[in-house]
Protein chains: 2
Amino acid sequence: MDTGLTIGEFSRITHLSIKTLRRYHEAGLLQPARVDRQTGYRYYILDQVPTAQVIHRFRELDMPLREVGELLAVTDPDARAAVIAQHLQRLENQLDQTKAAVVALRRLLDPQPAALRVQRWRTEATTVAAVRGVVDRTHILRWYAEAMQELDSVLAVAGEAPTGPPGGLYDNELFSDERGTMVVYIPVARPPRSGEVEPFVIPAAELTTTTHAGPHDDIDVTYGALGTYVKQQALEVAGPVREIYRLGPRDTTDSSRWRTEIGWPTFQTVADPVVNAGQAPS
Amino acid sequence: MDTGLTIGEFSRITHLSIKTLRRYHEAGLLQPARVDRQTGYRYYILDQVPTAQVIHRFRELDMPLREVGELLAVTDPDARAAVIAQHLQRLENQLDQTKAAVVALRRLLDPQPAALRVQRWRTEATTVAAVRGVVDRTHILRWYAEAMQELDSVLAVAGEAPTGPPGGLYDNELFSDERGTMVVYIPVARPPRSGEVEPFVIPAAELTTTTHAGPHDDIDVTYGALGTYVKQQALEVAGPVREIYRLGPRDTTDSSRWRTEIGWPTFQTVADPVVNAGQAPS
DNA sequence: CTGGACTCTCCCCTTCGGGGAGGGTCCAGA
DNA sequence: TCTGGACCCTCCCCGAAGGGGAGAGTCCAG
């Protein structure tokens, strides 16, 4: 029997379907011990059973095939453990997101407290230390965390103390397309330039603002309320949306206390507001 | 502004990408309030913002579009809550599976205790009450649970006491293909016939068996070990694999105490065993 | 030698969008 | 009234991880 196991036998032993085994072969994850040149038949050997089982386990954890392949290619146990730990970390993050979504869902389906407080004002230009970049929407959170961290360390080195709360500018394309320009900043007196950090001036603007309370899991609801208001007032959006983190993770770990100010640069158009239709412009 | 919001404006407000909004339209999830017959332009209204947000939330929970659509079509709050609860249940099951996979992975990567005890024996034909069905591999667990439950209740009604531990027969195609015949049974003296439950005779067989200890998350490892043995002994597999639940969830909730006997019907071929190559058949 | 079981490759399908081409539409400013 | 740029349309392809199935070749025991 030194011809090895046929794919069917191997499938029975490992509980991986034939289709799956072929795909793993094709992906280079699990090369059959021998492939008949003439017939293309795959022949496995018993020593491959443990490998198949390891692959099976990682797939159960939704590790992408590419990554499983890299993992198997690495022989150093430490490096291996690192890759595994990293994946488990990802799973955990995913779980956190799911939990947050459940909470946000509950809040969304419950009767709304509403009470949206919208204000319009004119802001002055502000000098800040900023990190700018064109970011994929799926990477927004990661990019934000890294940028903030770099800002913090650069400012610490430069000995610059913040002169106000941190904030960000977010291109509308970030939401309507898949990619857009992001700016995160911290106001300081003399912005340094180092690495990704550079001086920047937040331009003056006419802002329509509101404040989102709590964690950001359902910040889109507040965006929706603000957008509704803007539209009702027949305001036109001009430029990237702004967020100012009046109270954030750097101030308190109690996320229910967070306060995020959202401001949309807007200008009045000639059209009538929907709600105050009587007050047509003269 | 009673033309409504363009898809771009709606996208900014809801944080759903334009592509995604078009897809939700196509899927019937979020019909624009108006679609221009001439140009195909989609126009939304502000009242649709909350709906978009609800969809967003459910998608964050990986609810399939189809299901979200059904959910939105249902107006009865109770029915709605039921669908949601069901989905959350699914998420929880998924989480349990992930946890189990992590544990199983750890065990697999740790040094193996091994110590596989394999025995061969001949079993007698056994009279049982059984539930049979052709099952998709992805539904094995669910089907098993339902079948066992039905067996239990039918036997309770018939007043038949088990004369041995429950078990099952599993077609090899269940693993190599995507679907196969499953039989789960409980031995009784006078098997009743009711609903899916019917009398059945487990045929006599020459079995090569081993016992898997603990929960079934890594039962494939034991299958692998048994399969390796079978192959090394140059045994040929004949017929569906059998499992007998000597100790299972119905006996104890401590899953580490579970004992599952796995038996493969086998017969000796003429080829030499690999390990005992000296004992060639005469 | 033959029939049935097994295996091969190849192509299409699934979900939920993203990328991009090619072309039409809207609207504000000139 | 024209025009340019922003916006929108449809259509097609792609990815991940396989499943379904067709059509054809292979293996092996009787």
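All chains are named by letter (A, B, ...) in the order of the sequence lines, taking the proteins before the strands, and each is independently numbered beginning at 1. Computed from a predicted structure; not experimentally measured.
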Residues in side chain to side chain contact (heavy atoms under 4.5 Å, CB included) contact with A/Leu141, at least two apart in sequence or another chain:
none

Between atom CD in B/Gln38 and atom P in D/dC7, what is the gap in whole Å?
23 Å

Which atoms of nucleotides 9-13 of chain D (N or O only) lie under 3.5 Å from a protein N or O atom, and what are those distances?
unit_1: D/dC9; atom_1: OP1; unit_2: B/Arg42; atom_2: N; d: 2.9
unit_1: D/dC9; atom_1: OP1; unit_2: B/Arg42; atom_2: NH1; d: 2.9
unit_1: D/dC9; atom_1: OP2; unit_2: B/Arg22; atom_2: NH1; d: 2.5
unit_1: D/dC9; atom_1: O5'; unit_2: B/Arg42; atom_2: NH1; d: 3.4
unit_1: D/dT10; atom_1: OP2; unit_2: B/Arg42; atom_2: NH1; d: 3.2
unit_1: D/dT10; atom_1: OP2; unit_2: B/Arg42; atom_2: NH2; d: 3.0

Apply side chain to side chain donor-acceptor pair (under 3.5 Å) to the pair A/His25 and A/Arg22, showing each step before the final yes or no.
CA-CA 5 Å; A/His25 176 196; A/Arg22 286 203 269 250; over 6 Å; no

Phosphate oxygens OP1/OP2 of C/dT7: is one of them under 4.0 Å from a side-chain N or O of A/Thr6?
yes

Shortest side-chain distance from B/Thr20, nucleotide among D/dC8, C/dG17, D/dG19:
C/dG17

For A/Arg106, does the CZ atom have more than 12 heavy-atom neighbours from other residues, nucleotides or ligands under 6.0 Å away?
no

For a salt bridge (charged side-chain N to carboxylate O under 4.0 Å, His left out) check, start with the C-alpha distance between B/Arg90 and B/Glu67, then their side-chain angles and the critical distance, and finish with the verdict.
CA-CA 13 Å; B/Arg90 268 218 308 269; B/Glu67 223 162 301; 3.2 Å; yes

Euclidean distance, atom CD of residue A/Glu26 to atom P of C/dC8 [Å, nearest integer]
13 Å

Could you tell me the separation between the CZ atom of A/Phe10 and the P atom of C/dT7, rounded to a whole number of Å?
13 Å

Salt bridge check: are B/Arg57 and A/Asp220 linked by an N-O gap of less than 4.0 Å?
yes

Can a side chain N or O of A/Arg66 be found less than 4.0 Å away from OP1 or OP2 on D/dA17?
no

Roughly, in whole Å, what's the span from CG in A/Asp177 to P in C/dG17?
15 Å

Do the side-chain N or O atoms of A/Tyr24 get closer than 4.0 angstrom to the phosphate oxygens (OP1, OP2) of D/dA17?
no

Would you say C/dG18 has OP1 or OP2 under 4.0 Å from some side-chain N or O of B/Ser17?
yes

Using atom CZ of A/Phe58 as one end and atom P of D/dG18 as the other, report the distance to the nearest whole Å.
15 Å

Say whether, by atom type as modelled, one donor and one acceptor occur between the side chain of B/Glu9 and the main chain of B/Thr6 under 3.5 angstrom.
yes

Can you work out whether B/Arg179 or B/Arg12 has the more 5'-proximal nearest nucleotide on DNA chain D?
B/Arg12

The criterion is side chain to side chain contact (heavy atoms under 4.5 Å, CB included); which residues satisfy it with A/Tyr41, sequence neighbours excluded?
A/Asp36, A/Thr39, A/Tyr43

Roughly how many Å is it from CD in B/Glu9 to C1' in C/dT25, rounded to a whole number?
15 Å

Using heavy-atom distances to pick each residue's nearest nucleotide on DNA chain D, tell me which of A/Glu173 and A/Pro64 is more 5'.
A/Glu173

Could you tell me whether the phosphate oxygens of C/dG17, OP1 or OP2, come under 4.0 Å of any side-chain nitrogen or oxygen in B/Arg59?
yes

By nearest-heavy-atom nucleotide on DNA chain C, the more 5' of B/Asp62 and A/Asp136 is B/Asp62

Figure out the CZ/P separation between A/Arg23 and C/dT14, and round it to whole Å.
17 Å

If I take atom CE in residue B/Met63 and atom P in nucleotide C/dT15, what distance separates them, rounded to the nearest angstrom?
16 Å

